[in-house]
Amino acid sequence: MLTLLIKEAAVAALQHLYPEQTFATDMVNVNETKVEFKGDYTVVLFPFVKMLRCKPDELGKQLGEYLVARNAALFTEYQVVSGFLNLTVNDDVFISMLQANWHNEQFGKQHQTNKKVMVEYSSPNTNKPLHFGHLRNIFLGYALGNILKTAGNDVVKANLINDRGIHICKSMVAWMRYANGATPQSTGIKGDHLVGDYYVKFNDVYKAEIAALIANGVEEKQAEKEAPIMQEAQQMLRQWEAGDKEVYSLWQTMNGWVYEGFEVSYKKLGVDFDKMYYESNTYLLGKAIVEKGLEKGVLFRKEDNSVWIDLTADGLDQKLLLRGDGTSVYMTQDIGTAVLKFNDFGLDQSVYVIADEQNYHMQVLKLILKKLGEPCADGILHLSYGMVELPTGKMKSREGTVVDADDMMDEMVRIAQEQTEQAGKADGFSEDELKNLYNTIGMGALKFYLLRVDPKKRMIFDPKESIDLHGFTATFIQYAHARICSILRKEQMILMPEANQFKGFSATQSLSKAEKDILVALEQYPEMVKTAATEMSPSVLCNYAFRLAQLFNTFYDQHSISKAENEEKKQLRLMMIIMTAQTMRQAMKMLGIDLPEKM
RNA sequence: GGACCGGUAGCUCAGUUGGAUAGAGCAUCAGCCUUCUAAGCUGAGGGUCAUUGGUUCGAAUCCAAUCCGGUUCACCA
């Protein structure tokens with residue numbers, strides 16, 4: 001906001017000084033002034049030097065002179081250093097800004113755009129529990145939904161459940177063979193884990209059967225096809241598609257167990273969805289759209305009856321859309337789901353939070369929809385994120401080399417407890433409060449850890465190294481927040497701005513460096529929300545909230561709030577820290593991270 | 001081989017449309033608790049921004065080539 005104001009002032013000044021030229025705000029480059037120099041904001045002069053054929057320092061002097069004279073309320077002084085015009089902003093500007101935003105609960109919230117946006121995330125398979133890699137997806141999607149909402153969009157959070165296919169049948173076959181009717185109730189095992197166990201079991205048996213066949217002289221490729229357990233799974237898939245009652249009923253039962261398990265995990269993760277899609281419901285629509293495309297001549301049929309689209313003219317390959325036997329593939333389902341989403345909500349934009357290994361798939365999906373003349377094609381946006389890997393490589397559910405999501409959450413909460421007790425900070429809480437606190441700290445650390453880096457960077461997580469609670473972490477921000485709350489308790493004030501009565505303070509006080517830094521940072525909050533939304537990057541908010549906490553800690557170390565130099569200063573500082581706490585809370589809330597009042 | 005993504009301090013990462021001496025955190029070292037919470041603060045060391053060339057007043061940022069790592073190009077999802 002302030003930078004825009006400065007740009008506008010600069011344009012007006014330039015226009016006045018050089019009436020024969022035309023200037024626009026986007027020609028002006030305004031940065032925060034480097035700490036080594038005096039000033040708050042810097043206008044870079046070089047872009048105008050060529051245009052106006054003048055010397056940078058002369059232009060700077062003219063411009064600075066004019067700006068300070070003309071905008072005395074905004075600028076107090078200027079300095080020109082080798083092509084850079086450093087402007088010092090009047091402290092009153094920051095103070096009145098603080099006062100102006102005081103009762104503004106919507107601080108940071110952008111104007112409603114009336115854009116309807118769907119964010120699809122999580123989208124699990126129903127044959128195994130969630131693992132650490134899914135967490136990155138879930139936190140990203142949930143945060144992005146909140147960020148886009150704050151940025152003024154009408155957001156629908158959606159989850160597409162991949163509930164059908166051969167992989168589901170694998171768990172079912174293994175369960176039938178080996179479970180003896182075991183249920184989550186009878187075993188006490190969480191439903192998704194129970195089903196996942198049989199998915200792993202399937203693969204163990206499958207491998208053993210292949211090995212046995214090979215030992216009997218069967219070729220490896222042939223063995224993979226002939227293994228009895230695989231044959232059973234394929235038979236089951238055919239039965240499922242044919243609507244076999246028993247298979248369908250088992251499918252429903254086992255999926256039900258998984259859903260119950262997921263429900264628990266989602267609740268613990270603190271995320272939710274407005275709309276659930278099931279691939280078992282959408283693949284038929286996909287098939288219908290493909291048939292239409294065939295009629296239109298966009299698609300073609302091969303001799304074996306399979307249906308394809310030719311994308312070679314776009315530099316891609318041919319892509320299969322229906323098998324020779326008429327059954328659908330992944331892409332077919334996705335085409336159906338994409339259109340369905342669009343029709344259900346009249347979307348302007350449909351965001352898919354999906355790992356970067358599917359970049360090609362998403363590119364093809366969009367292109368196919370475009371060629372089919374589906375209007376939803378243009379609104380599709382793939383938020384691609386890098387996979388989370390273990391030091392040993394990719395996580396593979398079927399081989400059991402995964403860090404389980406539920407275990408990870410428990411582990412983080414345990415670490416939070418351990419560290420709290422170690423720091424001797426577990427006193428003065430009730431048992432319930434402690435449980436809550438450990439959860440807030442542990443889950444916060446986990447979420448922050450996965451959100452703080454740019455989504456497209458892949459990350460390697462070493463389970464042997466626990467996630468830190470110091471430094472660039474949620475804990476750091478939570479601690480700063482708790483400190484602020486502690487001061488407010490002492491001053492008998494509360495967090496909500498509107499509920500506090502201030503004795504008031506004059507709008508003209510001189511600010512220390514530490515005070516000003518916080519106010520400058522606070523001023524940037526709406527801009528940060530905007531950036532996070534347009535870049536679709538929650539990490540922007542992680543960095544911002546961390547910086548606020550850092551600035552507060554520095555300020556806290558240098559100044560006393562309760563024992564400020566005078567009453568006016570105290571009131572100003574109280575207002576500052578409440579705004580700081582509130583801003584940190586709002587930013588973190590978007591990421592699904594809570595900040596405790598005491599820790 | 002084609003397409004896409006990444007390469008910044010010992011490690012994990014920031015670095016808005018090109019702007020001043022490239023910044024944090026962790027780790028290492030040196031300080032700071034009688035004072036609103038030390039899960040904190042202050043300071044030090046640590047860099048051929050993968051390489052080379054180009055564009056210009058100016059390049060980690062833009063362009064080209066090269067090297068390294070990853071993903072993908074399935075009748076799996």
Side-chain angles (χ1 to χ4, degrees), chain A residues 3 26 29 31 33-34 36-37 42-47 49-50 56 81-84 86 123 125 127 162 164-168 279 302 304 306-308 315-325 327-331 333-334 355-361 363-364 384 386-387 389 394 416 419-420 422-425 441 449 452-454 456-460 465 468-473 475-480 482-491 527-528 530-531 534-535 539-540 542-543 546-547 549-550 552-564 573 577 598-599:
Chain A
T3 53
D26 55 10
N29 193 333
N31 306 309
T33 302
K34 299 261 173 199
E36 314 78 90
F37 301 100
T42 296
V43 177
V44 184
L45 298 166
F46 293 108
V49 169
K50 211 181 218 170
V81 185
S82 55
F84 297 90
N86 299 331
S123 304
N125 294 346
N127 63 335
N162 184 342
R164 60 171 292 279
I166 188 73
H167 53 296
I168 313 293
E279 287 194 347
K302 287 193 178 174
D304 67 349
S306 56
V307 178
W308 296 74
L316 304 174
D317 301 310
Q318 293 195 345
K319 186 80 192 173
L320 176 92
L321 294 179
L322 282 180
R323 294 188 186 100
D325 63 4
T327 56
S328 65
V329 292
Y330 180 37
M331 187 60 79
Q333 300 169 18
D334 263 10
D356 60 5
E357 59 180 355
Q358 295 199 36
N359 285 355
Y360 180 73
H361 174 82
Q363 189 191 351
V364 170
S384 163
M387 311 268 288
E389 289 176 28
K394 237 171 157 170
Q419 303 245 346
T420 305
Q422 223 171 64
K425 296 199 172 243
I441 295 173
Y449 179 82
R452 66 183 190 178
V453 299
D454 185 286
K456 64 172 173 288
K457 286 208 163 139
R458 76 192 180 103
M459 53 198 302
I460 293 168
E465 291 170 22
D468 215 328
L469 299 185
H470 301 274
F472 184 34
T473 63
T475 317
F476 184 93
I477 298 162
Q478 289 169 328
Y479 185 64
R483 279 174 139 182
I484 291 176
C485 293
S486 171
I487 298 168
L488 297 179
R489 270 194 302 277
K490 196 180 161 194
E491 294 298 326
E527 201 57 40
M528 289 297 156
K530 211 179 192 172
T531 307
T534 51
E535 313 251 316
S539 68
V540 170
C542 289
N543 282 293
F546 178 69
R547 190 152 53 87
Q550 247 180 345
F552 166 77
N553 281 335
T554 303
F555 162 77
Y556 176 89
D557 200 58
Q558 291 177 10
H559 303 291
S560 175
I561 288 110
S562 299
K563 293 177 191 156
R573 285 180 187 164
I577 62 169
K598 212 172 127 190
M599 68 187 279

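Source: prediction; values computed, not measured. By convention in this document, chain letters (A, B, ...) are assigned in the order of the sequence lines, proteins followed by strands, and residues within each chain are numbered from 1.
- Listed by chain and residue number, nothing satisfies the ring pair (Phe, Tyr, Trp, His ring centres under 6.0 Å) test with A:Tyr479 (two or more places apart in sequence, or in another chain).
- Nucleotides B:rG23 and B:rG69 have their C1' atoms positioned 25 Å apart, rounded to a whole Å.
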Short N/O separations, protein against nucleotides 3-8 of chain B, under 3.5 angstrom:
unit_1: B:rG7; atom_1: OP1; unit_2: A:Lys457; atom_2: NZ; d: 3.4

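- Where pairing requires Watson-Crick or G-U contacts shorter than 3.5 Å, the helical stems of RNA chain B with at least three consecutive pairs are B:1-7 with B:67-73, B:10-13 with B:23-26, B:28-32 with B:40-44, B:50-54 with B:62-66.
- Applying the side-chain contact (heavy atoms from CB on, under 4.5 Å) rule to A:Glu527 yields the partners A:Lys530; only residues at least two apart in sequence or on another chain are considered.
- If you check every strand for non-hydrogen atoms under 4.0 Å, A:Val44 touches a base.
- Using P as the reference atom, B:rU66 and B:rU72 are 24 Å apart when rounded to the nearest Å.
- Between A:Thr42 and the choices A:Asn31, A:Asn86, A:Asn29, the side-chain hydrogen bond (donor to acceptor under 3.5 Å, both in side chains) rule is met once, by A:Asn86.
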Got a list of protein N/O to nucleotides 54-65 of chain B N/O distances below 3.5 Å?
unit_1: B:rC57; atom_1: OP1; unit_2: A:Lys50; atom_2: NZ; d: 3.2

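- The phosphate of B:rG25 (OP1 or OP2) has no side-chain N or O of A:Arg547 nearer than 4.0 angstrom.
- Salt bridge absent: A:Glu491 and A:Arg573 never bring a charged side-chain N and a carboxylate O closer than 4.0 Å.
- Taking the P atoms as reference points, B:rU48 lies 27 Å from B:rU42, given to the whole Å.
- Rounded to whole Å, the P atom of B:rU61 lies 16 Å from the corresponding atom of B:rU21.
- Taking atom P on both nucleotides, B:rA27 is separated from B:rC5 by 35 Å, rounded to a whole Å.
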Between the protein and nucleotides 36-41 of chain B, are there any N/O to N/O pairs under 3.5 Å, and if so, what are the atom names and distances?
unit_1: B:rC36; atom_1: O2; unit_2: A:Ile561; atom_2: N; d: 3.4
unit_1: B:rC36; atom_1: O2; unit_2: A:Ser562; atom_2: N; d: 3.1
unit_1: B:rC36; atom_1: O2; unit_2: A:Ser562; atom_2: OG; d: 3.2
unit_1: B:rC36; atom_1: N3; unit_2: A:Ile561; atom_2: N; d: 3.0
unit_1: B:rC36; atom_1: N4; unit_2: A:Tyr556; atom_2: O; d: 2.6
unit_1: B:rC36; atom_1: N4; unit_2: A:His559; atom_2: O; d: 2.2
unit_1: B:rU37; atom_1: OP1; unit_2: A:Ser486; atom_2: OG; d: 2.2
unit_1: B:rU37; atom_1: OP2; unit_2: A:Ser486; atom_2: OG; d: 3.3
unit_1: B:rU37; atom_1: O2'; unit_2: A:Tyr479; atom_2: OH; d: 2.5
unit_1: B:rU37; atom_1: O2'; unit_2: A:Arg483; atom_2: NE; d: 2.8
unit_1: B:rU37; atom_1: O2; unit_2: A:Lys425; atom_2: NZ; d: 2.8
unit_1: B:rU37; atom_1: N3; unit_2: A:Met599; atom_2: O; d: 2.7
unit_1: B:rU37; atom_1: O4; unit_2: A:Met599; atom_2: N; d: 3.0
unit_1: B:rU37; atom_1: O4; unit_2: A:Met599; atom_2: O; d: 3.4
unit_1: B:rA38; atom_1: OP2; unit_2: A:Arg483; atom_2: NH2; d: 2.4
unit_1: B:rA39; atom_1: OP1; unit_2: A:Lys425; atom_2: NZ; d: 2.3
unit_1: B:rA39; atom_1: OP1; unit_2: A:Tyr479; atom_2: OH; d: 3.1
unit_1: B:rA39; atom_1: O3'; unit_2: A:His470; atom_2: ND1; d: 3.4
unit_1: B:rA39; atom_1: N6; unit_2: A:Thr420; atom_2: OG1; d: 3.3
unit_1: B:rA39; atom_1: N1; unit_2: A:Thr420; atom_2: OG1; d: 3.4
unit_1: B:rG40; atom_1: OP2; unit_2: A:His470; atom_2: ND1; d: 3.4
unit_1: B:rG40; atom_1: O3'; unit_2: A:Asn553; atom_2: ND2; d: 3.1
unit_1: B:rG40; atom_1: O2'; unit_2: A:Arg483; atom_2: NH1; d: 2.8
unit_1: B:rG40; atom_1: O2'; unit_2: A:Arg483; atom_2: NH2; d: 3.4
unit_1: B:rC41; atom_1: O2'; unit_2: A:Asp557; atom_2: OD2; d: 2.6

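- Atom P of B:rA24 sits at a distance of 15 Å from the matching atom of B:rG46, rounded to the whole Å.
- To the nearest whole angstrom, the two C1' atoms, one in B:rU56 and one in B:rG70, are 35 Å apart.
- Rounded to a whole angstrom, the distance from the P atom of B:rA60 to that of B:rC4 is 25 Å.
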